[in-house]
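Because the structure is predicted, anything quoted here is derived from the model rather than measured. Along the sequence shown, the residues carry numbers beginning at 1.
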Amino acid sequence: MDGYQNELTHSGVNGERLAKRLAELAKIGWTEEGGCERISFSQEELKAKELVMKWMEEEGLDVMMDGAGNVFGRLKGQEDVPAVLSGSHVDSVPHGGHFDGPLGVLSALEVVSAWREEGYQPKRPFEVVIFSDEEGARFNGGLTGSQAFIGQIEADEERKRVDYEGRSYEEVLKEVGLTPESVASAKRDLDDVYAFIEVHIEQGKRLEKANLPTGVVTGIAGPTWLKVIFKGVAGHAGNTPMNDRQDALVAASDFIRQVKDFPPQVSDSGVATVGKLEVKPNGVNVIPGEVELTVDIRDIKNEWKEEIVRLVKTCAQTVAGKQEIAVELEELMSVDPVEIPQHMQQKASEAVKEVLGSEAYHLPSGAGHDAMIVGRYVPAAMLFTQSKDGISHNPKEWSSLNDCVQTVHVLKRFVEKVCDE
């Protein structure tokens with residue numbers, strides 16, 4: 001509570017209550033480094049869900065857990081119409097932080113707590129959501145709960161998964177009372193869902209640089225992973241003249257140097273990253289004969305992403321021709337981005353203006369979230385909270401209580417606008 005501005009506690013939103021809930025949740029899976037280890041489908045993740053379920057019940061919500069381990073705390077609306085959902089996840093990466101996921105869950109719960117103090121009942125039902133296994137740290141996947149929610153999980157395929165300890169998917173699920181079949185059958189009737197709103201830490205520095213607590217997300221980037229293999233000729237480093245070489249690493253270096261220039265030519269939200277590189281034969285005195293690398297390309301609009309991919313591929317071919325070597329290109333993965341509907345962005349922006357008294361700051365999300373999965377089927381939106389130094393997936397992950405509480409106020413107003421439609 002150090003440095004907390006007490007005047008931010010108003011309209012039912014209570015900063016001390018939010019801080020205490022964050023602190024209590026942080027104790028589950030606490031690490032020596034002061035971080036969090038609540039791996040998906042672990043006892044720690046389950047205990048975190050059970051703690052939040054207890055708080056949900058204390059706030060008068062009807063609480064249930066589905067076959068995927070997703071938790072829903074439902075507040076009855078004035079009318080029996082499709083519900084507005086808000087939440088996130090409580091699992092973490094190994095040695096992660098305490099805000100990625102939990103802030104979204106507890107922000108939604110704080111909205112309910114505020115309404116209870118004000119005696120307010122929304123027109124539409126409102127549900128606080130915890131999705132299972134967003135991070136995917138155990139099975140190298142992720143977003144399992146939200147995919148089960150929209151009906152995209154197949155038991156036979158998931159059954160093939162093995163975790164980092166060599167344990168089967170079925171064995172791991174059994175320990176938390178789930179089965180591959182129960183996860184695959186957890187699909188929700190999406191006709192009963194009006195919208196989904198997720199609060200999340202930014203995991204970047206834009207809001208910090210702008211000195212703002214909250215931002216409105218414009219879209220969630222979908223990644224394309226491109227494998228590029230430059231094939232030259234290996235040779236002796238001492239006996240091969242410089243003008244008679246087909247050096248795959250020289251070609252790769254020229255290519256890597258240019259990759260960073262393509263996203264800004266297309267949009268302000270696109271990114272491209274060379275994150276993995278293998279040199280063969282990788283000897284001190286051998287001219288590299290082959291280099292294999294990956295390029296991670298992301299943007300919030302599919303046409304923008306495809307244009308960046310085209311520019312990257314053209315560059316690889318041009319560089320290979322210039323160096324008189326071969327190049328092979330393969331798309332390893334491509335996920336469509338999700339654009340946040342304009343009417344949802346507009347309502348979020350209005351909430352920012354009304355609550356904070358300033359124009360909304362709009363920014364893209366470069367990382368995947370449950371809202372990316374749900375948003376393909378129902379209107380979705382995201383609010384970002386400022387991250388100190390842009391750090392996430394790390395024990396040093398931090399968002400100030402002032403920024404968190406201001407985000408809750410924006411979320412509350414935003415949800416009220418959507419519920420009253």
Exercise. Using a distance-only test with no angle check, is there a side-chain donor-acceptor pair under 3.5 angstrom linking Q258 and D254?
Worked result: yes

Problem set entry | A148 backbone acceptor or donor facing Q152 side chain under 3.5 Å | no

Exercise. Can you check whether W398 and H98 have ring centres sitting under 6.0 Å from each other?
Worked result: no

Exercise. With a 4.0 Å cut-off, would you call E208 and K388 a salt bridge?
Worked result: no

Exercise. Is the side chain of H369 donor-acceptor paired with the backbone N or O of A371 at a distance under 3.5 Å, no angle test?
Worked result: no

Exercise. Does I325 reach the side chain of K231, with side-chain heavy atoms less than 4.5 Å apart?
Worked result: no

For this session: For Q323 and D247, test the side chains for any donor-to-acceptor distance below 3.5 angstrom and give the result as yes or no.
Result: no

Exercise. Are side-chain N/O atoms of H89 and E45 paired as donor and acceptor at under 3.5 Å?
Worked result: no

Problem set entry | Greater than 12 external heavy atoms within 6.0 Å of K260's NZ | yes

Exercise. Is the backbone of F139 close enough, under 3.5 Å, to the side chain of D163 for a donor and an acceptor to pair up by distance?
Worked result: no

Exercise. Is the shortest side-chain N to carboxylate O distance from K47 to E50 below 4.0 Å?
Worked result: no

Exercise. Given F196, which of F131, Y377, F149 fulfils the ring pair (Phe, Tyr, Trp, His ring centres under 6.0 Å) condition?
Worked result: F131

Problem set entry | Ion pair check, E350 and K353, cut-off under 4.0 Å | no

For this session: Answer yes or no: is there a donor N or O on one side and an acceptor on the other, between the side chain of K187 and the main chain of A184, under 3.5 Å?
Result: no

For this session: Could you pull out the closest heavy-atom pair between V408 and S107, with the gap in Å?
Result: CG2-OG, 3.6 Å

Exercise. Between E170 and R159, is there a salt bridge with N-O shorter than 4.0 Å?
Worked result: yes

For this session: Please check if atom CG in N140 has more than 12 non-hydrogen atoms from other residues, nucleotides or ligands closer than 6.0 Å.
Result: no

Exercise. Counting N and O atoms only, with roles assigned by atom type, does the side chain of E292 sit under 3.5 Å from a partner on the main chain of K227, one being a donor and the other an acceptor?
Worked result: no

Exercise. Can you name the nearest heavy-atom pair linking A360 to V216, along with the distance?
Worked result: CB-CG2, 3.9 Å

Problem set entry | Heavy-atom donor-acceptor pair, S267 side chain to S269 backbone, under 3.5 Å | yes

Exercise. Does atom CG of N285 have more than 12 heavy-atom neighbours from other groups under 6.0 Å away?
Worked result: yes

Problem set entry | Stepwise salt bridge (Lys or Arg N to Asp or Glu O under 4.0 Å) test for E158 and R161 | CA-CA 6 Å; E158 296 299 305; R161 291 183 178 271; 2.9 Å; yes

Exercise. Just wondering, are more than 12 heavy atoms of other shown residues or ligands nearer than 6.0 Å to CD in E33?
Worked result: yes

Exercise. Should K313 and E330 count as an ion pair when the cut-off is N to O under 4.0 Å?
Worked result: no

Seminar exercise, completed: Nearest heavy-atom approach of V93 to A137 is CA-CB, 4.2 Å

Exercise. Is a side-chain N or O of K412 found less than 3.5 angstrom from the main chain of V112, in a donor-acceptor match?
Worked result: no

For this session: Provide the closest heavy-atom pair for A114 versus S11 in the form atom of the first, atom of the second, distance.
Result: CB-O, 3.8 Å

Exercise. So with a 6.0 Å cut-off around CG of N211, is the heavy-atom count from everything else above 12?
Worked result: no

Exercise. Is any NZ, NE, NH1 or NH2 atom of the basic residue among E421 and K417 found under 4.0 Å from an Asp or Glu carboxylate oxygen of the other?
Worked result: no

For this session: Please answer whether the main-chain N or O of K205 pairs with a side-chain N or O of Q386 as donor and acceptor at a distance below 3.5 Å.
Result: no

Exercise. Does R124 use its side chain to pair, donor to acceptor, with the backbone of P82 at less than 3.5 Å?
Worked result: yes

Problem set entry | NZ/NE/NH1/NH2 to OD/OE distance under 4.0 Å, E44 and K27 | no

Exercise. Judged by modelled atom types alone, do N402 and Q406 share a side-chain donor-acceptor pair under 3.5 Å?
Worked result: no

Exercise. Between the main-chain N or O of Q203 and the side-chain N or O of S387, is there a donor-acceptor pair closer than 3.5 Å?
Worked result: yes

Exercise. Does a sphere of radius 6.0 Å around CG in D192 hold more than 12 heavy atoms from other residues, nucleotides or ligands, not counting ones at 6.0 Å or beyond?
Worked result: yes

Exercise. Looking at E416 and R413, does any basic side-chain N land under 4.0 Å from a carboxylate oxygen?
Worked result: yes

